[in-house]
Amino acid sequence: MNSVSDDSTGSDETTRVWLVERTYSDDEQNIIILVYATPDGSQYLRKERSLTSFDDVRETTAAVDTDASHLGTVNDPEQRAQYAEAAQRMQDQHDPDEAV
């Protein structure tokens with residue numbers, strides 16, 4: 001069983017990240033870009049989801065657990081603060097597996 005860390009230390013097998021951004025791709029049609037971040041905003045996970053049809057219903061959850069090696073580093077202090085604020089808001093308002 002994998003353990004889950006709510007911080008970005010990467011010391012556990014998986015790290016919980018929270019949805020902080022959802023946008024449509026400028027380059028590709030029917031691509032949604034989901035960005036999840038650690039609670040402190042220092043690391044992120046980017047997921048791209050292709051919409052194959054209007055009936056394509058896949059839930060986006062408030063949080064996901066991911067291998068720490070899949071996380072990128074947020075270098076921009078303003079973006080880090082933005083991600084931390086958004087992650088905190090998601091934690092306060094939603095359960096991790098809740099569809100948002």
Report yes if some heavy atom in the side chain of [X] is under 4.5 Å from a heavy atom in the side chain of [Y]; otherwise report no.
X: Arg89; Y: Trp18; result: no
X: Gln43; Y: Val74; result: no
X: Tyr83; Y: Val35; result: yes
X: Leu71; Y: Thr38; result: yes
X: Gln88; Y: Pro39; result: no
X: Asp65; Y: Thr15; result: no
X: Val100; Y: Arg22; result: yes

* To do: Evaluate whether atom CD of Glu48 has more than 12 neighbouring non-hydrogen atoms of other residues, nucleotides or ligands under 6.0 angstrom away.
  =>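 Count over threshold, so yes.
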* **side-chain contact (heavy atoms from CB on, under 4.5 Å) between Tyr36 and Tyr44, worked out** => CA-CA 6 Å; Tyr36 289 84; Tyr44 73 97; over 6 Å; no
* Can you tell me how far CE of Met90 sits from OG1 of Thr61, rounded to the nearest 0.5 angstrom? ->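 Thr61 atom OG1 to Met90 atom CE measures 8.5 Å (nearest 0.5 Å).
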* **Inter-residue atom distance Thr14.OG1 - Asp67.CG, 0.5 Å rounding** => 8.0 Å
* List the steps and the verdict of side-chain contact (heavy atoms from CB on, under 4.5 Å) for Ile33 and Lys47. => CA-CA 6 Å; Ile33 300 167; Lys47 296 177 89 176; over 6 Å; no
* Looking only at atom types and distance, does a side-chain atom of Asp40 sit under 3.5 Å from a main-chain N or O of Ser42, one as donor and one as acceptor? ->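 Confirmed, Asp40 side chain pairs with Ser42 backbone.
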* Asked: Is a donor on one side and an acceptor on the other found under 3.5 Å between the side chain of Gln82 and the backbone of Gln79?
  ->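 No, the answer is negative, given that no donor and acceptor are paired below the 3.5 Å cut-off.
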* Side-chain donor-acceptor contact under 3.5 Å, Thr60 with Arg49 ->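 Yes, Arg49 and Thr60 have a side-chain donor paired with an acceptor closer than 3.5 Å.
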